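As structure tokens, the structure follows; a few thoughts come after it.
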Amino acid sequence: MFVVLDEDAERCLFRLAEANSEATPSLLSQISASFSADEDRVVIACKGGRSLSQSSGESLPLPCYISSGAIPLSPGEHVHFGSFPALLLSVPSGVGSALQAHFHSSVSASPELCQIEVIRLESDLFSRVKGIFDTRILAPKTVSVIGVGSGGSLGALELAKSGVGNFILVDFDRLKAHNIVRHVCGIADVGRFKTRAVRDAMLAHNPQASVVCHEVDITDEPELLDLIVNASDLVFVATDNQPSRYLINEACLSAGKPAVYGGAYERAFAGEVIRVIPGEAGCYACVRQGLAPTMRSIASHQDLDYTDDEDFEAEPGLGLDVAFIGLIHAKLALLTLLRDTSSTPDPASTRDPSSTIKDLDTQMIIWVNSARPQDGELFARPMARHFVKVAKVRDCPSCGAGFDDIPVQDEFPQEHGGQP
């Protein structure tokens, strides 16, 4: 039997064990437990505290008892409870003693010693990230994710799993059944606002994160857009249409905030990720102006299919192809958040301090899932990527004023580093 609880429940049990001086186990009213027989799993939580999720199968409430001493384990020795099954918890005396749990399935069966897993958020949650970068850097950061469809939901979830501490999610749409094959949320979330369903998925991986949700069409709320951008360290743009992207581009340039735009082309055969850091290179409008001739038919008429909105003419496409682009989008956002920081690993880590995460010297990445040479040389080979330098376009209506020190290039630069 596997028993799961968090630190709050563990502390509560230690206090209750100290207060219980009687040898007879007493029923716990401050603790709730649920038992999943098909997984041999018990989940314990403090009543009124944070709830840990149980399995999707059938789970039953399980009475819990506590004892401050050793639990009888000899054959023929049994503790009598009001009903079975039951869980008996104890803290044996002695320095450094740990919590113990025994599962009693029936009055006649011998008690089973359980394996206990205590979820310790501070020490365990990002233990597999430490050594790559100092995870404390991201805790105070705020990322706004505008558009939480297939790509935005994946990006938000991955950034939360990487340790980003604060999020603002913006999307007016609800999750529908046809969204599920390309979204991080599932059937149980159909009918919910995407923002709130994604929030819950993020908090399931990073319960310490703060997530604010706005169920609005950001193109109708320019003042709210300005407030969101100004409150952000980075704007993660996963909307499905160009007007919204141009508006976000203008707001980010005005506030001097970096933005990372991502989207899949039709049928997710390829996609793009664009990083705009005001004052360093061209902006999103520069990309759209300069890229159309290079990409032939793709950029000239195709809105980006990075959404699950049924009102948008969503193309069929594999979720894993969208995920390739979404993960590159999230990775470039993470690298941007770590720019100009002391992103060395946690000093307590025993890993090689040289194993830090490095930024990319690029403003745009084009990823090709499936070859489509008829759309240009960029798409001639499958599973290829291209790094593109984004120069400011002369007389750009968005970044033309206020960024006069950025080098101007009349022609859009060609890609480099074309093959993996």
Side-chain angles (χ1 to χ4, degrees), residues 36 38-39 43 51-59 143-162 164 167-207 209 211-218 236-241 244-245 260-273 302-331 333 367 369-370:
S36 175
D38 61 337
E39 293 190 353
V43 175
S51 297
L52 301 175
S53 62
Q54 184 54 277
S55 63
S56 57
E58 183 180 3
S59 60
V143 173
S144 293
V145 182
I146 304 181
V148 288
S150 51
S153 64
L154 179 60
L157 180 59
E158 290 301 323
L159 290 172
K161 288 159 65 176
S162 297
V164 175
F167 292 88
I168 303 171
L169 306 183
V170 183
D171 198 311
F172 61 87
D173 200 17
R174 293 179 183 270
L175 201 69
K176 302 181 180 68
H178 63 260
N179 302 150
I180 300 305
V181 294
R182 300 197 320 199
H183 203 274
V184 301
C185 297
I187 291 292
D189 293 307
V190 170
R192 300 185 66 196
F193 283 114
K194 290 178 181 176
T195 50
R196 302 186 191 189
V198 172
R199 173 199 62 194
D200 291 349
M202 294 163 65
L203 293 177
H205 290 270
N206 182 357
V211 185
V212 176
C213 299
H214 293 282
E215 290 80 34
V216 298
D217 183 345
I218 202 65
F236 188 96
V237 187
T239 58
D240 53 42
N241 60 83
S244 63
R245 290 168 172 247
V260 183
Y261 302 77
Y265 305 141
E266 56 183 305
R267 296 180 179 266
F269 90 93
E272 67 184 29
V273 178
Q302 174 73 30
D303 270 352
L304 294 165
D305 180 21
Y306 211 33
T307 183
D308 302 302
D309 183 1
E310 65 181 1
D311 295 328
F312 177 72
E313 236 177 277
E315 292 276 352
L318 291 175
L320 60 89
D321 283 340
V322 173
F324 271 118
I325 301 153
L327 290 172
I328 295 171
H329 191 177
K331 181 65 176 289
W367 172 260
N369 284 309
S370 305

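Because the structure is a prediction, the values reported are computed rather than measured. Computed from heavy atoms alone, side chains included, the values below leave out hydrogens, waters and symmetry copies.
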Checking Leu175 against Ile180 for the side-chain contact (heavy atoms from CB on, under 4.5 Å) test, could you report, in this order, the C-alpha distance in whole Å, the side-chain angles of both residues, the deciding distance, and whether it holds? CA-CA 8 Å; Leu175 201 69; Ile180 300 305; 3.7 Å; yes
Let me confirm one number: the CZ-OG distance from Phe236 to Ser144, rounded to the nearest 0.5 Å. 12.0 Å
Measuring from Arg174:CZ to Glu215:CD, what's the distance to the nearest 0.5 Å? 8.5 Å
Look up atom CG in Asp321 and atom CH2 in Trp367, then write down how far apart they are to the nearest 0.5 Å. 10.0 Å
Enumerate the salt bridge (charged side-chain N to carboxylate O under 4.0 Å, His left out) contacts for residues 183-193, please, sequence neighbours excluded, ordered by first and then second residue. Asp189-Arg192, Arg192-Asp200
For a quick test of reading the model, state the closest non-hydrogen atom pair linking Gly317 to Arg182 and the distance between them. O-CD, 3.2 Å
Would you give the length of the straight line joining atom CZ of Arg199 to atom OG of Ser153, rounded to the nearest 0.5 angstrom? 15.0 Å
Reported CZ-to-CG distance for the pair Phe324 and Leu154, which is rounded to 0.5 angstrom: 12.0 Å
Between Tyr265 and Glu272, a side-chain donor and acceptor under 3.5 Å: yes
Less than 4.5 Å apart, side chain to side chain, heavy atoms only: is that true for His183 and Val198? yes
So which heavy atom on Ala264 is nearest to which on Ile325, and how close? CB-CD1, 3.7 Å
Closest non-hydrogen contact found for Ser150 with Val322 is OG-CG1, 3.7 Å
Tell me, do Val170 and Thr195 make a side-chain contact under 4.5 Å, heavy atoms counted? no
Determine whether a donor-acceptor pair (N or O, by modelled atom type, separation under 3.5 Å) exists between the side chain of His329 and the backbone of Val260. yes
Work out which heavy atom in Thr239 is nearest to a heavy atom in Ser244; give both atom names and the distance. OG1-OG, 2.8 Å
Set out, in order, the CA-CA distance, both residues' side-chain angles and the distance that settles side-chain contact (heavy atoms from CB on, under 4.5 Å) for Asn369 and Leu320, then state yes or no. CA-CA 10 Å; Asn369 284 309; Leu320 60 89; over 6 Å; no
Closest heavy-atom contact between Ala156 and Leu169? CB-CD2, 4.3 Å
For Ser36 and Asp38: C-alpha separation, side-chain torsions, deciding distance, then whether side-chain hydrogen bond (donor to acceptor under 3.5 Å, both in side chains) applies. CA-CA 6 Å; Ser36 175; Asp38 61 337; 2.6 Å; yes
Looking only at heavy atoms, the pair that brings Gly151 and Ala238 closest together is C-CB, 4.4 Å
To the closest 0.5 Å, what do you measure between CE (Met202) and CG (Leu159)? 8.0 Å
